[in-house]
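The next block holds one structure in the form of structure tokens; read it before the comments.
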Amino acid sequence: MPAVVLVGAQWGDEGKGKATDLLGERVDYVVRYQGGNNAGHTVVIGDKKFALHLLPSGILTPGVIPVIGNGVVIDLAVLFHELDGLIAKGVDVSRLQISANAHIITSYHTTLDKTSERFLGKRAIGTTGRGIGPTYGDKVSRMGIRVQDLFDVSILTQKVEAALTQKNQLLVKVYNRAAIKPADVVAELLSFAERLRPMVRDTALELHQALEAGKTVLLEGGQGTLLDVDHGTYPFVTSSSPIAGGATIGSGIGPTKITSVIGILKAYTTRVGAGPFPTELFDQWGEFLRKTGGEFGTTTGRERRCGWFDAPVARFATRINGLTDVFLTKLDVLTGIEQIPVCVAYDVDGVRMTEIPVSQSDFHHAVPVYENFAGWTEDITQAKTFEDLPKNAQDYVLALERLTGTRISAIGVGQDRNATIVRHDMLRA
């Protein structure tokens, strides 16, 4: 049965939560496979808005089993704060499962993240300061703290002491900060252990058994393709792999089980933090997209940088992820724009390039080459079918489909979970 991967196909914030929520009623498991609480999904249900930072979007759909996979890094205080917020709104969170192999963000990770970013000054990457990078760094350095470690006090203490032997040297001698006491970190982590225990599973085994039993599994990543640590705009990237290939590693599901990959593309482009962004707008249209689209970070509240749709970025995401379908979000935000530019190529020192330059320096200097498309003024938020859209809106969607090279199977036309046009079934075995 299908294991479907849902990926952001730009720099994140494309509307993955809406897509997951749309498909949620037809799947049995929704798995978050990487990232931490540096990412956010916003889902609107009726008059209620849910901001999910760490939890899989499927937690809002009755009957779906939400899973935090081994590839995620978890801030336990954030986890339980988020769970308590959902409980207060009447959401059943008892189905949540968490991989025993997921890594824990500790207080020293967040301290190092914030301190090192300030230390970099003008060379700062634009991290959220939530300890994500240092936690992944410890993971690959084989000195990380995993969920399962919380249930063995001796192992937990040894690991924390070993980590802080090194990190306190950095904090004290380089950053002029106070040393962190291992006992304080251990005590804080153990305070979460008993509440956490019932949620912990061998999630890779459970997901394998679910697929063997004919269940449908949806895997969702945080951030977006251009923030992938290997394939993104390095070093202005996240510390994990949100691309489709990362789904198998971060969930424990073998690659041959993946049946389709859905890419989420915004009808324009945004990014948060530093790094190259060829179509970024610094005029009234950038402000229009920001205000009309509500482009402020779900997790950080930071203003998002806004620009026109970038076809080379979309083609890159199609290729790297092996996209089978595209969910185009926020088409309604473009309503009222007389002429809508779309970047179809770049000019790099007089050379026209239709793909993202391999050189980071070239990408920094890339000047977008635009093709203009006629806009529309009609309200499209009530459209139920593709034919309900104004002719110019239809033409815009079809142009993006052609430029992207992947069929656009669903279109978001408003904030509400039901404000979606479905052109093709995205769940297929």
Side-chain angles (χ1 to χ4, degrees), residues 2-24 27 29-43 52-59 64 66-74 98-99 102-103 128 130 132-133 135-136 139 203-204 207 217-233 237-253 255 257-266 270-273 297-299 313-314 316-327 329 406 426:
V4 179
V5 182
L6 194 72
V7 298
Q10 292 158 320
W11 276 282
D13 308 308
E14 301 93 349
K16 294 179 290 295
K18 182 181 178 68
T20 305
D21 191 57
L22 170 70
L23 300 170
V27 304
Y29 290 77
V30 174
V31 184
R32 176 81 181 276
Y33 61 82
Q34 53 75 227
N37 58 302
N38 57 338
H41 296 325
T42 300
V43 179
L52 305 177
H53 307 279
L54 188 57
L55 295 168
S57 301
I59 201 163
V64 171
V67 177
I68 295 178
N70 57 275
V72 178
V73 291
I74 304 172
I98 299 174
S99 171
H103 280 246
T128 59
R130 283 162 167 76
I132 311 299
T135 305
Y136 276 115
K139 176 179 178 177
T203 53
L207 292 171
V217 175
L218 182 66
L219 300 116
E220 63 170 1
Q223 292 92 27
T225 298
L226 273 294
L227 293 178
D228 186 272
V229 69
D230 282 298
H231 300 285
T233 49
V237 293
T238 193
S239 302
S240 57
S241 291
I243 63 170
T248 62
I249 299 169
S251 68
I253 292 175
K257 300 294 185 182
I258 306 298
T259 54
S260 58
V261 181
I262 303 168
I264 315 303
L265 281 170
K266 203 173 282 185
T270 62
R271 80 170 295 176
V272 172
T298 302
T299 298
V313 162
F316 175 81
T318 295
R319 172 168 56 85
I320 289 294
N321 292 294
L323 298 185
T324 57
D325 299 87
V326 164
F327 189 139
T329 62
T406 308
M426 293 185 290

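For clarity, every value in this text was computed on a predicted model and none was experimentally measured. Note that the numbering runs from 1 along the sequence shown for the chain.
Two residues are said to be in side-chain contact when any heavy atoms from C-beta on lie closer than 4.5 Å; M426 and V4 fail this criterion. Within the 4.5 Å cutoff, no side-chain heavy atoms of L265 are placed close to those of V313. For the pair V72 and L54, the minimum side-chain heavy-atom distance is below 4.5 Å. A 4.5 Å side-chain heavy-atom check between I258 and L219 finds at least one atom pair inside the cut-off. Looking only at side-chain heavy atoms (C-beta outward), I249 and Q34 stay at 4.5 Å or farther from each other. Annotation: side chain of D230 is not in contact with side chain of I243 (no heavy-atom distance under 4.5 Å). Residues S99 and I68 form no side-chain contact, since every pair of their non-hydrogen atoms from C-beta on lies 4.5 Å or further apart. Annotation: side chain of E14 is not in contact with side chain of F327 (no heavy-atom distance under 4.5 Å).
Between the CD atom of E220 and the OG atom of S251 there is a distance of 12.0 Å, given to the nearest 0.5 Å. The distance from atom NZ of K16 to atom OG of S57, rounded to the nearest 0.5 Å, is 9.0 Å. Put simply, CG on L226 and NE2 on H231 are 11.5 Å apart, with the number rounded to the nearest 0.5 Å. The distance from the CZ atom of R271 to the OG1 atom of T233 is 4.0 Å, given to the nearest 0.5 Å. Of the inter-residue distances, the one linking T238 atom OG1 with L227 atom CG reads 6.5 Å to the nearest 0.5 angstrom.
Although no hydrogens or angles enter the test, the distance criterion places no donor-acceptor pair under 3.5 Å between the side chain of R319 and the main chain of N321. Proximity of a side-chain donor or acceptor of Y33 to a complementary backbone N or O of G252 within less than 3.5 Å is not detected.
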**Message:** Between S239 and V229, is the side chain to side chain contact (heavy atoms under 4.5 Å, CB included) condition met? List the steps.
**Reply:** CA-CA 6 Å; S239 302; V229 69; 5.6 Å; no

